[in-house]
Amino acid sequence: MDRPGFTASLVAGGVAGVSVDLILFPLDTIKTRLQSPQGFYKAGGFYGVYAGVPSTAIGSFPNAAAFFVTYEYVKWILHTDSSSYLMPVTHMLAASVGEVIPFSLVQFPLWESLKALWSWRQDHVVDSWQSAVCGAFAGGFAAAVTTPLDVAKTRIMLAKAGSSTASGNVLSALHAVWRTQGLSGLFAGVFPRMAAISLGGFIFLGVYDQTRSFLLELGRESP
């Protein structure tokens with residue numbers, strides 16, 4: 001990856017990270033409270049949903065910038081022809097190196113595949129708004145299938161010290177939720193999570209694509 005590409009990915013990733021956190025932080029707070037074993041209102045309800053936004057936004061710039069630089073760099077190293085059946089594997093590897101969580105392993109290969117399909121159907125590369133739409137679909141799908149893991153993470157974070165759940169065993173936390181609340185418990189907050197992450201995918205990946213394209217074009221026009 002050349003210097004302009006590195007700089008564009010770095011800045012675009014940071015801008016995208018800050019944008020999505022500023023807009024979606026309250027929805028994430030509501031989703032977490034919906035998944036709390038205390039219940040939504042006892043966990044705080046709608047009170048203070050913007051608390052912690054500034055520190056989150058400041059921290060999101062370097063995190064998102066580092067992720068996208070790593071993602072684009074690994075894609076560049078493992079570059080294959082866009083029609084190759086290996087392309088989804090390349091995107092999974094790039095996402096896993098950038099951020100090792102199941103969500104990214106689902107979202108980014110799906111995002112890239114949807115963009116490739118849309119580009120093929122219209123016979124030219126997708127525009128930034130189309131990339132954003134693909135990001136929304138990919139994010140919503142990834143959000144739905146990884147909701148049980150998110151519920152387990154929330155229960156572990158909110159568990160009382162010394163309890164079996166507080167030990168951090170994800171399978172144990174999932175089993176406890178299944179035993180007490182069944183399938184509805186495992187998918188608690190799935191619709192707010194899908195809505196938030198679909199919107200987040202639209203903003204995050206759309207802003208990233210638009211900003212990166214703008215910076216690359218600016219670099220080409222500069223003497």
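Being a predicted model, the structure only gives us computed values, none of them experimental.
- Contact record, G185 with V177: C-CG1, 3.5 Å, taken as the closest heavy-atom pair.
- The closest donor-acceptor contact from the side chain of W111 to the backbone of S131 lies under 3.5 Å.
- With contacts defined as side-chain heavy-atom distances shorter than 4.5 Å, the pair I30/P192 does not qualify.
- Going from atom CZ of R121 over to atom CD of Q130 covers 12.5 Å, rounded to the nearest 0.5 Å.
- Note on I203: it clusters hydrophobically with F214, by side-chain heavy-atom contacts below 4.5 Å among ILVMFWY residues.
- Linking Ile, Leu, Val, Met, Phe, Trp and Tyr whenever their side-chain heavy atoms come within less than 4.5 Å puts F25 and F46 in one cluster.
- A pairwise comparison of heavy atoms in A132 and G206 identifies CB-CA, 3.6 Å as the closest pair.
- Counting heavy atoms from C-beta outward, P109 and L105 have side chains that stay 4.5 Å or more apart.
- Expressed to the nearest 0.5 Å, how far OH of Y41 lies from CG of L34 amounts to 9.0 Å.
- Annotation for D209 and K115: closest pair OD1-NZ, 4.4 Å, computed over non-hydrogen atoms.
- Residue F6 holds its CZ atom at 5.5 Å from CG of L10, rounded to the nearest 0.5 Å.
- Here the straight-line distance linking atom CG of D150 with atom CZ of F103 works out to 9.5 Å at 0.5 Å rounding.
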Counting only pairs under 3.5 Å, give me each side-chain donor-acceptor contact of residues 138-147, with atom names and distances, residues two or more places apart or in other chains.
unit_1, atom_1, unit_2, atom_2, d
T146, OG1, A142, O, 2.6
T146, OG1, R193, NH2, 2.7
T147, OG1, A143, O, 2.7
T147, OG1, A144, O, 3.4
T147, OG1, R193, NE, 3.4

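- Hydrophobic cluster membership of W120, counting Ile, Leu, Val, Met, Phe, Trp and Tyr whose side-chain heavy atoms lie under 4.5 Å apart directly or via other members: L117.
- Across all non-hydrogen atoms, the minimal contact from V126 to W118 is CG1-CB, 3.7 Å.
- Across all non-hydrogen atoms, the minimal contact from V15 to S19 is O-OG, 2.8 Å.
- S119 OG to E112 CD: the interatomic distance, rounded to the nearest 0.5 Å, is 10.0 Å.
- In this structure, V207 and V20 have side chains that are not in contact, with every pair of non-hydrogen atoms separated by 4.5 Å or more.
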Is there a side-chain contact (heavy atoms from CB on, under 4.5 Å) between V133 and W129 once you walk through the steps?
CA-CA 6 Å; V133 171; W129 73 266; 4.0 Å; yes
With side-chain contact (heavy atoms from CB on, under 4.5 Å) as the test, would you mind laying out the steps for T7 and L215 before giving the verdict?
CA-CA 8 Å; T7 303; L215 292 174; 6.0 Å; no
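- Of all the heavy atoms in L183 and W178, the pair that sits closest is N-CZ3, 3.6 Å.
- Between Y208 and F67, the ring centre distance reaches or exceeds 6.0 Å.
- Side-chain contact between C134 and L205 is absent, with no heavy atoms from C-beta onward closer than 4.5 Å.
- Under the 3.5 Å distance criterion, the side-chain polar atoms of R212 are left unmatched by any main-chain donor or acceptor of A8.
- Between T29 and R33, some side-chain heavy-atom pair lies under the 4.5 Å cut-off.
- More than 12 non-hydrogen atoms from other residues, nucleotides or ligands lie less than 6.0 angstrom from CZ of F40.
- Counting heavy atoms from C-beta on, the side chains of S198 and F137 never come closer than 4.5 Å.
- Using a 4.5 Å heavy-atom cutoff, the side chains of L186 and V151 are not in contact.
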